[in-house]
Amino acid sequence: MYRRTLIALAALASAVFASPSALSQSGEIRIAHVYSKTGPLEAYGKQTAVGFMMGLDYATGGTMAVAGKKLVVIEKDDQGKPDLGKSLLAAAYSDDKADLAVGPSSSGVALAMLPVAEEYKKILLVEPAVADSITGDKWNRYIFRTGRNSSQDAISNAVALDKSGVTIATLAQDYAFGRDGVKAFKDSIKKAKLVHEEYLPTSTTDFTAGAQRLIDKLKDQPGRKIIFILWAGAGNPFKIADLDLKRYGIEIATGGNILPAMASFKSFPGMEGASYYYFGIPKNPVNEAMVSRHYNQFKAPPDFFTAGGFSAAMAVVTALKNSKGDASANTLIKTMEGMSFETPKGRMTFRKEDHQAMQNMYHFKIKVDPAFAWGVPELVREIKADEMQVPIRNKR
């Protein structure tokens with residue numbers, strides 16, 4: 001009898017001491033944000049982090065809670081290194097008990113992280129890594145993406161550049177972002193002629209040799225000649241304009257970018273392309289709120305990846321509200337497939353087949369305005385999500 005009583009008391013004590021932890025766990029939703037706090041894409045990562053926290057605050061009405069559960073964000077720095085990102089995500093799911101994760105900045109890191117989400121059977125919301133393969137052949141059911149993919153970039157830029165009599169050569173970085181981007185761009189070109197693909201290391205600072213190869217391929221072509229640049233992070237590929245491209249009648253085109261990178265756009269008035277986001281383009285309440293908050297906090301406009309982080313936050317909070325705070329993967333997958341949510345870009349919808357967010361893009365033309373330190377992308381046309389036939393590449 002005495003022994004049974006001791007066992008019963010021990011069990012009761014165990015339950016009492018366990019209960020605060022259990023209560024705190026049930027009273028929280030833990031979100032790991034794995035991104036490039038440092039490394040080649042540090043600028044992108046920091047913007048995403050600012051946008052994500054700002055978006056969570058906005059979407060929860062300042063409470064940082066959903067369905068009575070506190071949102072706890074655990075930040076981790078992958079430094080742009082795939083192996084590190086992979087181990088950090090595993091640690092977040094196992095040691096930190098993260099219910100879901102957001103990130104990363106780099107496509108190379110994202111591809112390393114995808115199998116970890118599948119192994120732990122937990123959601124990874126990809127923002128802002130772009131490579132098509134993330135929601136393509138490397139995809140699994142735990143992967144969602146608010147960031148645009150290479151095909152969305154490519155199709156929207158093709159709207160701006162794909163015309164009869166145009167000859168194009170591409171300049172891109174030699175990793176998943178650049179190669180997937182060029183492949184998607186090639187697939188989107190129907191009228192123009194693509195004559196050369198130039199891939200350079202991500203660490204390139206001297207573009208002379210690559211530019212000369214591009215010039216040699218384009219200079220004798222008839223009609224309009226364009227070098228289409230796909231570049232992320234460090235290095236300034238627009239330096240190739242110093243090689244007097246105008247002498248050969250060669251133009252430069254590119255997609256949108258962060259504001260510091262767009263300072264070089266001032267040298268190319270009239271340059272056309274398509275962008276994921278520019279703070280002055282979308283007209284909707286969420287964008288107005290983000291722009292206002294960002295000006296109040298930083299005395300500057302939000303940037304390209306700030307909008308992405310904000311969009312990811314809107315998706316997370318919308319999903320958790322719809323699931324009544326249930327952060328289990330199976331519930332979130334059912335909730336998020338086909339789910340629409342408001343963002344600074346307007347409404348996005350997760351496509352059921354591959355969990356890619358369908359979203360509008362913006363055909364722009366660069367205008368030089370002395371009031372801005374960058375080339376201003378003036379809207380030519382908003383390219384609606386339903387206009388873009390974005391391929392489903394995961395063979396689901």
Problem - Ring-face cation of Arg381 near Tyr362 (centre distance under 6.0 Å, axis angle within 45°) - result: no
Point-to-point distance, once rounded to the nearest 0.5 Å, from [atom1] of [X] to [atom2] of [Y]:
X: Ile215; Y: Lys217; atom1: CD1; atom2: NZ; result: 13.5 Å
X: Leu230; Y: Glu197; atom1: CG; atom2: CD; result: 10.5 Å
X: Leu71; Y: Met64; atom1: CG; atom2: CE; result: 5.5 Å
X: Ile123; Y: Met336; atom1: CD1; atom2: CE; result: 6.0 Å
X: Leu245; Y: Leu243; atom1: CG; atom2: CG; result: 6.5 Å
X: Leu124; Y: Ile143; atom1: CG; atom2: CD1; result: 4.5 Å

Whether over 12 other heavy atoms sit under 6.0 Å from [X] [atom1]:
X: Lys163; atom1: NZ; answer: yes
X: Asp83; atom1: CG; answer: no
X: Lys219; atom1: NZ; answer: yes

Exercise for the section: Take Arg30 and Asp99, measure what salt bridge (charged side-chain N to carboxylate O under 4.0 Å, His left out) needs, and give me the verdict at the end. Expected result: CA-CA 5 Å; Arg30 299 172 70 80; Asp99 296 291; over 6 Å; no
Do we see a donor-acceptor contact under 3.5 Å between the side chains of [X] and [Y]?
X: Thr135; Y: Arg145; answer: yes
X: Asn287; Y: Tyr277; answer: yes
X: Asn284; Y: Glu288; answer: no
X: Asn330; Y: Arg141; answer: yes
X: Thr208; Y: Asp206; answer: yes
X: Gln79; Y: Lys37; answer: no
X: Ser151; Y: Asp132; answer: yes
X: Asp180; Y: Ser133; answer: yes

Exercise for the section: May I have all residue pairs that pass side chain to side chain donor-acceptor pair (under 3.5 Å) and include part of residues 115-129, sequence neighbours excluded? Expected result: Glu127-Thr146
Problem - Salt bridge flag under 4.0 Å for residues Lys86 and Asp78 - result: no
Fill in the blank from the handout: All heavy atoms of Asp369 vs all of Val376, minimum pair found to be CB-CG2, 4.1 Å
Handout entry: Distance-minimising heavy-atom pair for Pro377 and Tyr278
Key = CG-CG, 3.5 Å
Practice task
Would you kindly confirm whether Ile74 and Tyr142 end up in one hydrophobic cluster when ILVMFWY residues are joined by side chain heavy atoms under 4.5 Å apart?
Solution key: no
Is there a donor-acceptor pair under 3.5 Å between the side chain of [X] and the backbone N or O of [Y]?
X: Gln359; Y: Arg347; answer: no
X: Gln152; Y: Ala357; answer: yes
X: Lys367; Y: Pro269; answer: no

Flag the pair [X] / [Y] as yes when their ring centroid distance falls below 6.0 Å, and as no otherwise.
X: Phe304; Y: Tyr44; result: no
X: Phe310; Y: Phe52; result: no
X: Trp231; Y: Phe177; result: no

Exercise for the section: Decide yes or no on salt bridge (charged side-chain N to carboxylate O under 4.0 Å, His left out) for Arg393 and Asp354, but give the supporting numbers first. Expected result: CA-CA 8 Å; Arg393 299 183 184 273; Asp354 60 0; over 6 Å; no
Does the side chain of [X] reach to within under 4.5 Å of the side chain of [Y], using non-hydrogen atoms?
X: Thr318; Y: Met339; answer: yes
X: Arg351; Y: Val390; answer: yes
X: Ile250; Y: Leu214; answer: no

Solution key, residues 260-268 side-chain donor-acceptor pairs under 3.5 Å, sequence neighbours excluded:
residue : atom : partner : partner atom : Å
Ser264  : OG   : Ala261  : O            : 2.9
Lys266  : NZ   : Phe372  : O            : 2.8

Practice task
Output, in order, the C-alpha distance, side-chain angles, deciding distance and verdict of salt bridge (charged side-chain N to carboxylate O under 4.0 Å, His left out) for Glu28 and Lys69.
Solution key: CA-CA 5 Å; Glu28 292 180 348; Lys69 296 183 178 182; over 6 Å; no
Handout entry: Set of ring pair (Phe, Tyr, Trp, His ring centres under 6.0 Å) partners for Phe185, sequence neighbours left out
Key = Phe228
Problem - Phe341 and Phe350 aromatic ring geometry - parallel, tilted or perpendicular at 30°/60° bounds - result: tilted
Practice task
Could you give me the CA-CA distance, side-chain angles and deciding distance for Lys365 and Glu378, then say whether salt bridge (charged side-chain N to carboxylate O under 4.0 Å, His left out) is met?
Solution key: CA-CA 5 Å; Lys365 184 175 285 192; Glu378 282 201 313; over 6 Å; no
